[in-house]
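Have a look at the structure below, then the notes.
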There are 2 protein chains.
Amino acid sequence: MPTDAVEDYLKAIHRVESRSGPPVSTSQIAEALDKTPATVTSMVESLAERGLLSREKYEGVELTPAGEVAALEVVRRHRLIEAFLAEQLDYEPTEVHDEADALEHHVSEEFTRRVERLLDYPAADPHGDPIPPADLSAPEDAGTTLVAALEPGERGTVARVSDRDADVLEFLVDAEITPGTTVEVVDITSFGLVTVRTDDGTEHGLPEAVADRVYVRRGTDSAAATDGQEAGDA
Amino acid sequence: MPTDAVEDYLKAIHRVESRSGPPVSTSQIAEALDKTPATVTSMVESLAERGLLSREKYEGVELTPAGEVAALEVVRRHRLIEAFLAEQLDYEPTEVHDEADALEHHVSEEFTRRVERLLDYPAADPHGDPIPPADLSAPEDAGTTLVAALEPGERGTVARVSDRDADVLEFLVDAEITPGTTVEVVDITSFGLVTVRTDDGTEHGLPEAVADRVYVRRGTDSAAATDGQEAGDA
DNA sequence: CTATTAAATTAGACCGATCTAAAACAGGTA
DNA sequence: TACCTGTTTTAGATCGGTCTAATTTAATAG
């Protein structure tokens, strides 16, 4: 019943909320969805009328429980589709996002469950983001951003990397900074450049925009991260 | 670039055209898509402006080559998705249609090709309908309707069955009248009831609405029809 | 406390897809 | 020929989602 657009808004609001917490501002949503603020205002009005979010004029917006559920359903479909594309159709991790963005609005619950079963109930998508189970009991976490988690000299395990921006993702894949790898923070400059050393000893300078999208847990994991054993800790 | 609605219209027009030939009337389209004739008129106007079909007011409509191509692309995606759902996700033949109808508008060319490859270039979907190859060089045929092809006493091989109407399809599956089975026409009544005898010797009375959706080739095939060896003959 | 500025909202328009109700048309019948 | 009858088109409205331009509000600096 919800339209594609409605699902996109809920998903975007959910993401922002889970990073910087509510309230979520009009401009944050506009930014995330590449819409004008005016458009967002009117959409958000109608979302509020439907009970999917609560809204304080000029203040921002927060998902209601109903909105949260709807958002999680989209996230679940998105990540399952990503996992499916990578595992069954040999997509590269960098390629799955756009396809999943289109499909996530149009697969049935039946399809979702069958895919989940086919993949044997994966815990995470190819970027390491946890896949909410069918009951949506999502712990929905896994790591904090690089600079928040680690001081220079400390090491951590990459929990996941953002799949939002294709360029950023490609940068990280090239540098072999992917879920499961260990990184040591060498240095953080005043202007946000983060230098890290990876497993193989090479160093990479990550611009702020990139570093902000790498999520790690402090310390090192012994278990490798081929699939997704890291759901629901931290 | 074409919207879902545009693709739906093209697909519907293509189907009608390939059954009863052009021109296709407003009411035929309205019927097929469950829209009002007024709606169809206005949509068809815009399709004509885009060069996807040619139109004679009060006469009907015919796909242009461009429209035909666009329609075949949708058909190709639809049938590949159906085949995929049945083979990879264990859907029953009766269940694939609706899911494919939703997905067909949103899978990329990349996805389509990968699925096609995964399935090893299937010739037909689970109902026996031929899948146009990537170059769309569709022979796009396979069989004529039961009553047109066979006189009482004659036998034929089921080439495909329509997946349009879920009830009809279920009826046929129950009667084990599926692509590849041999049927003998026992009798045809004046009011359109067709009695057929299947492989196993049982007889089934098919109401006109059902019989019209069974496509056969005269005579019997020795080859079985598990997948789709029957593309492009007849 | 006022003035500036950045963010958010309102006002008004547009487009695509749909509908209902009314008018125009085409084909067959008397 | 003139009239029905069913089909098609036109006219005009609505809805969802979007935009631009103008206005209002909240926060901040003086």
Side-chain angles (χ1 to χ4, degrees), chain A residues 1-13 16-17 19-63 66-67 70-71 74 101-102 104-106, chain B residues 1-13 16-17 19-63 66-67 70-71 74 101-102 104-106:
Chain A
M1 206 56 68
T3 65
D4 294 13
V6 166
E7 291 191 343
D8 283 337
Y9 278 83
L10 294 176
K11 193 175 55 154
I13 294 165
V16 175
E17 237 179 46
R19 300 265 176 281
S20 29
V24 176
S25 72
T26 298
S27 49
Q28 281 177 307
I29 301 169
E31 163 84 8
L33 295 174
D34 196 26
K35 300 274 149 67
T36 66
T39 301
V40 171
T41 297
S42 78
M43 188 65 189
V44 133
E45 239 164 45
S46 106
L47 258 25
E49 270 161 30
R50 299 200 211 185
L52 295 169
L53 47 81
S54 58
R55 171 171 129 87
E56 198 75 34
K57 256 196 199 172
Y58 293 98
E59 287 300 311
V61 114
E62 177 173 9
L63 291 178
V74 182
D101 255 2
E104 65 187 6
H105 308 300
H106 303 101
Chain B
M1 208 55 67
T3 64
D4 295 12
V6 166
E7 291 191 345
D8 283 337
Y9 277 84
L10 294 176
K11 193 176 54 154
I13 294 165
V16 175
E17 239 178 44
R19 300 269 175 279
S20 29
V24 177
S25 72
T26 298
S27 51
Q28 282 177 307
I29 302 169
E31 164 83 8
L33 295 173
D34 195 26
K35 300 274 148 69
T36 66
T39 300
V40 171
T41 296
S42 75
M43 187 65 189
V44 134
E45 240 164 45
S46 105
L47 259 24
E49 271 162 30
R50 299 199 211 187
L52 295 169
L53 47 81
S54 57
R55 171 170 128 88
E56 198 75 34
K57 258 195 196 172
Y58 293 99
E59 287 300 311
V61 114
E62 177 173 8
L63 292 178
V74 182
D101 255 2
E104 65 187 5
H105 307 300
H106 303 100

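Numbers restart at 1 for each chain; the letters A, B, ... are given by sequence-line order, proteins then strands. Just so it is clear, the structure is predicted and the values come from calculations on it, not from any experiment.
- Under the 3.5 Å distance criterion, the side-chain polar atoms of B:Ser20 are matched with a main-chain donor or acceptor of B:Val16.
- The CD-C1' distance, from A:Glu59 to D:dA26, rounds to 9 Å in whole Å.
- Here B:Thr3 lies in heavy-atom contact (under 4.0 Å) with sugar-phosphate atoms only.
- Minimum atom distance to the side chain of B:Ala38 is reached by C:dT20, of the listed D:dT18, C:dT20, D:dT20.
- Between the NZ atom of B:Lys35 and the C1' atom of C:dC19 there is a distance of 11 Å, rounded to whole Å.
- Proximity note for B:Ser27 (side chain, C-beta onward) versus D:dT18, D:dT8, C:dA17: the nearest is D:dT8.
- Atom CZ of B:Arg50 is separated from atom C1' of C:dC15 by 11 Å (rounded to the nearest Å).
- Side-chain contact check for B:Val44 versus B:Ile29: some heavy-atom pair is nearer than 4.5 Å.
- One atom, NZ of A:Lys57, and another, C1' of D:dT24, lie 10 Å apart when rounded to the nearest Å.
- Within the model, atoms CG of B:Leu47 and CG of B:Leu53 stand 4.5 Å from one another, a figure rounded to the nearest 0.5 Å.
- Taking 4.0 angstrom as the limit, A:Arg55 places a side-chain polar atom (N or O) nearer than this to OP1 or OP2 of C:dT9.
- Phosphate proximity of C:dT10 to A:Ser42: absent, as no side-chain N or O sits under 4.0 Å from OP1 or OP2.
- Nucleic acid contact for A:Glu56: none, since no nucleic acid atom lies under 4.0 Å from a heavy atom of the residue.
- B:Ser46 comes within contact range of no nucleotide atom at all, as no heavy-atom separation falls under 4.0 Å.
- For B:Tyr58, counting side-chain heavy atoms from C-beta on, the closest listed nucleotide (D:dG17, C:dC25, C:dA8) is C:dC25.
- When the P atom of D:dC19 is taken as reference, atom CG of A:Leu33 falls 10 Å away, rounded to whole Å.
- A:Asp34 has its CG atom 8 Å from the P atom of D:dC19, to the nearest Å.
- Side-chain atoms of B:Tyr9 lie closest to C:dT18 of the nucleotides D:dT8, C:dT9, C:dT18.
- Among the heavy atoms of the strands lying under 4.0 Å from B:Thr41 is at least one base atom, whether or not backbone atoms are also near.
- What separates CE of B:Met43 from P of C:dT18 is a distance of 7 Å, to the nearest Å.
- Looking at the side chain of A:Thr36, the nearest of the listed nucleotides D:dG17, C:dT20, D:dC19 is D:dC19.
- A salt bridge links B:Glu104 with B:Lys11: the closest approach of a Lys/Arg side-chain nitrogen to an acidic carboxylate oxygen falls below 4.0 angstrom.
- Taking atom CG of A:Leu47 as the reference point, atom C1' of D:dG17 lies 12 Å away to the nearest angstrom.
- For the side-chain contact (heavy atoms from CB on, under 4.5 Å) with A:Val6, the qualifying choice from A:Asp8, A:Asp4, A:Leu10 is A:Leu10, the only one to do so.
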